[in-house]
Amino acid sequence: LKSTLKYLGVKDDSQISWSKILKNQKKKIFQEHKKNYKNKTVLIATNVGGQRFAVNIEALISIALYLKGYDVEYILCDGVLKACLMAQHNYLSEDENLNSGMKKICKSCFSHGDSVFSETGFKINYLSEYLTKKDIEQNNLLARKLSFDEMTKFEIDGIKIGIHSYSNLLRFYGAGEVEINHASTEILRNFIVSSLITKKSIENLLSQKKIYKVFLHHAIYVPQGIIAEVAKKKGIDYTSWVQAYKNKSLEIAKNNNWASRNIFETNTPWINSDLEKKSELNLLDYFENKKKFKSNDWLSFNSKKRNDFVLEFIKKFKLIDKSKNVCIYTNLIWDAQIIYPNPIFKNMMDWVYSTVEYFSNRPDLNLIIRVHPGEIKSGYISKERVYHSLKKKFKNLKRNIYVLDSSSEINSYLLADYCDLNIVYSSRISYELSAMGHNVIVAGSAFCSNKNITLDPKSKNEYFTLLNSFPNNLKPISFERKINALKYANYYLNEVCVELSSININKEKWPPFNFNDNLIEILLNEKDNGIKKILKFILN
């Protein structure tokens, strides 16, 4: 319906109009480009045009690059992939993907991206342009020979086809593990074929064109992860980005995805920096606002702004003595977990089950399981959820174990004030709670792991030894770790997260923003420091 309306010339007034933004500005833009001309081309590898947030951010960056003298080209999928990032179980069923691939989504996805990018005037490349019929047939035959297990580990020419494909399969189902059956096997095969097709198309494009740098979102899944790996193999730098939680901000990474950058980053200057008093007060105020539902983050999962929910819960179950309370915070079971290392437990649910079993034998303590509200409030409902999984695993939970499901309106940050120990697997809340002064154990891989902020056991034995020492022999968070947590929070929120001042937030629509009326003047005069920083990342 959307595609037909667009074809008939009916435009959605809520969408960003690049024609309007660029109206009467093209001559000025071209003159600036010519003045700064570099004779180098940056490829904006959006691919999935239905990602409305990504399409408009990347259109913005493409114009900023052009003004700096770089030629810009896009690459879009034009319906040649059988499965991709746009495939989600609540939009596309198993049967639909098995019978017709992505056809249900392709037309509207392609038409949106093609329409937006056409308004910028830059060249659009299409995946199918760099493929032959023989390429597609050969890749179909190759994928057909692989079993489910072989597909999950499949690599070719050093490109990790299997990891990105299987990760996307988990995303499709919204699950941490997938039952191996005919449907899941064939859908995984569709992701494998799409990865192979992407690899071939991008290799051909990069062989035919001289590309200086690549800019793309995610750098994992299909096709983004494949493009990132092919670019890197060919010696072409790429910069990836995702939407940050912080208001008007993106997380960026060079030749990496955002999660790996944060988890494995070492030798960063934040640890040896001095935290100014003003910055410390701003951080404390920022985290205090999270507890009061006053945060202006543009990603938030709390809808009802009542702090008394927590106190009602604590009083109802007689959990007033915080020295006996331990809270664990889960993350989305499926989200990017393939790229998160699991040094101790097989996966997040293995950690949850093991922790529940441990506290079942510790009646002297209370375990509160705070399930990530994003399971049902992120716009993409998870099919596999923590509470459902717990009910399947344990017929009856012990009386000292409490589950706050994803539908709970309890404020996670305020809940931590009623617990002397908080345990996180791989969620951002690990650094946030530490910066608030809480003692935090990281049982998986979090951004602040191994940075002298959290307690980071390296084995199950170390993990359970820490739990055994609680409450009497586990030391509270030290002053040094508190300061390190604040330093890291300052670094993460103000360096890793890049704020774009030329964005105006509008949470009533999607994407949840528009641009300043004088956007081109802002870009010409380099008044948006966030865009300047992103360009530096891309071009250096």
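Below 30°, between 30° and 60°, or above 60°: for Trp510 and Phe53 the angle between ring planes is between 30° and 60°, a tilted geometry. Between His33 and Tyr37, the angle of the ring planes goes over 60°, which puts this pair in the perpendicular group of the 30/60° scheme. Phe345 and Tyr463 have perpendicular rings, their planes meeting at more than 60° on a 0 to 90° scale where under 30° would count as parallel.
Looking only at distances, a side-chain donor or acceptor of Ser147 sits under 3.5 Å from a matching main-chain atom of Glu150. Under the 3.5 Å distance criterion, the side-chain polar atoms of Ser449 are left unmatched by any main-chain donor or acceptor of Ser445. In this structure a side-chain-to-backbone donor-acceptor pair under 3.5 Å is missing from Ser115 to His112. A donor-acceptor distance shorter than 3.5 angstrom exists from the side chain of Glu384 to the backbone of Gly176, with no hydrogens or angles considered.
When every heavy atom of Ile263 is checked against every heavy atom of Pro341, the shortest pair comes out as CD1-CD, 4.1 Å. In plain terms, the two heavy atoms of Ala45 and Ile75 that are nearest each other are CA-CG2, 3.3 Å. A pairwise comparison of heavy atoms in Leu76 and Asn47 identifies CD2-O, 3.4 Å as the closest pair. Here the shortest heavy-atom pairing between Ser184 and Leu169 reads O-CD1, 4.0 Å. Contact between Leu85 and His217 at its shortest, heavy atoms only, is CD2-CE1, 3.7 Å. Of all heavy-atom pairs spanning Ala87 and Leu92, the tightest one is CB-CD2, 4.0 Å.
For the pair Lys383 and Tyr173, the cation-pi criterion (under 6.0 Å, within 45° of the ring axis) is not fulfilled.
Checking Tyr126 against Asp114 by side-chain atom types alone, a donor-acceptor pair falls below 3.5 Å. With hydrogens and angles left out, the side-chain atoms of Lys213 and Asn540 include no donor and acceptor closer than 3.5 Å. For the residue pair Glu375 and Ser382, no side-chain donor N or O sits within less than 3.5 Å of a side-chain acceptor on the partner. No side-chain donor-acceptor contact under 3.5 Å links Asn168 and Ser165. Using a 3.5 Å distance cut-off with no hydrogens or angles, the side chains of Lys199 and Asn139 do not pair a donor with an acceptor. In this model, no donor atom of one side chain and acceptor atom of the other lie less than 3.5 Å apart for Gln208 and Asn204. For the residue pair Asn256 and Lys232, no side-chain donor N or O sits within less than 3.5 Å of a side-chain acceptor on the partner. Side-chain polar atoms of Tyr387 and Ser407 form no donor-acceptor pair below 3.5 angstrom. Using modelled atom types and a 3.5 Å distance limit, the side chains of Asn331 and Ser427 yield no donor-acceptor pair. Side-chain atoms of Asn255 and Asp237 include a donor-acceptor pair closer than 3.5 Å. In summary, the side chains of Trp258 and Ser240 do not present any donor paired with an acceptor at a separation below 3.5 Å, with no hydrogens or angles considered. Looking at Glu58 and Thr46, their side chains do bring a donor and an acceptor atom within 3.5 Å of each other.
With salt bridges taken as basic N to acidic carboxylate O contacts below 4.0 Å, one links Glu265 and Arg261. With respect to Lys209 and Glu73, a salt bridge is recorded, a charged nitrogen being found less than 4.0 Å from a carboxylate O. Taking the charged nitrogens against the carboxylate oxygens, Lys234 and Glu229 have no contact shorter than 4.0 Å, which rules out a salt bridge. A salt bridge links Lys104 to Glu96: one of the charged nitrogens lies within less than 4.0 Å of a carboxylate oxygen. Comment: Glu177 engages Lys346 in a salt bridge, judged by a side-chain N to carboxylate O separation of less than 4.0 angstrom.
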- Show your reasoning for whether side-chain hydrogen bond (donor to acceptor under 3.5 Å, both in side chains) applies to Asn125 and Tyr130. CA-CA 9 Å; Asn125 301 283; Tyr130 299 93; 2.8 Å; yes

- Task: Give the C-alpha distance, both sets of side-chain angles, the deciding distance and a yes or no for salt bridge (charged side-chain N to carboxylate O under 4.0 Å, His left out) between Glu186 and Arg189.
- Result: CA-CA 5 Å; Glu186 292 310 307; Arg189 203 179 309 282; 3.3 Å; yes

- Message: Before you tell me yes or no, could you show the steps for Asn97 and Lys82 under side-chain hydrogen bond (donor to acceptor under 3.5 Å, both in side chains), namely the whole-Å CA-CA distance, both residues' side-chain angles and the distance that decides it to 0.1 Å?
- Response: CA-CA 8 Å; Asn97 187 261; Lys82 288 187 173 184; over 6 Å; no

- Decide side-chain hydrogen bond (donor to acceptor under 3.5 Å, both in side chains) for Ser430 and Thr454; before the verdict, give the C-alpha distance in whole Å, the side-chain angles of both, and the deciding distance to 0.1 Å. CA-CA 8 Å; Ser430 54; Thr454 51; over 6 Å; no

- Task: Any chance you could lay out the side-chain hydrogen bond (donor to acceptor under 3.5 Å, both in side chains) test for Tyr329 and Ser412, step after step, and finish with the verdict?
- Result: CA-CA 8 Å; Tyr329 297 82; Ser412 299; over 6 Å; no

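Surrounding NZ of Lys391 are at most 12 heavy atoms belonging to other residues, nucleotides or ligands under 6.0 Å away.
Inter-residue side-chain proximity for Lys509 and Gln15 is flagged as unmet; no heavy-atom pair is nearer than 4.5 Å. Side-chain contact between Asn347 and Asp350 is present, with at least one heavy-atom pair separated by less than 4.5 Å. By the 4.5 Å heavy-atom criterion applied to side chains, Leu60 and Leu519 are counted as neighbours. The shortest side-chain heavy-atom distance between Asn36 and Tyr70 does not fall under the 4.5 Å cut-off. Side-chain contact between Ile344 and Ser459: absent, with no pair of heavy atoms (C-beta onward) separated by less than 4.5 Å.
If you look at Phe215 and Tyr238, their ring centroids are not closer than 6.0 Å.
Among residues at least two apart or in separate chains, salt bridge (charged side-chain N to carboxylate O under 4.0 Å, His left out) pairs with a member in residues 530-540 are Glu495-Lys533.
When the options Phe122, Phe515, Phe117 are evaluated for a ring-ring contact (aromatic ring centres under 6.0 Å, His included) with Trp18, the one that passes is Phe515. Exactly one residue among Tyr431, Tyr245, Tyr492 makes a ring-ring contact (aromatic ring centres under 6.0 Å, His included) with Phe447. That residue is Tyr492.
Looking at residues two or more places apart in sequence or on another chain, you find no ring-ring contact (aromatic ring centres under 6.0 Å, His included) involving Phe172.
Distance check, rounded to the nearest 0.5 Å: CD1 of Ile226 to CD1 of Ile220 gives 11.5 Å.
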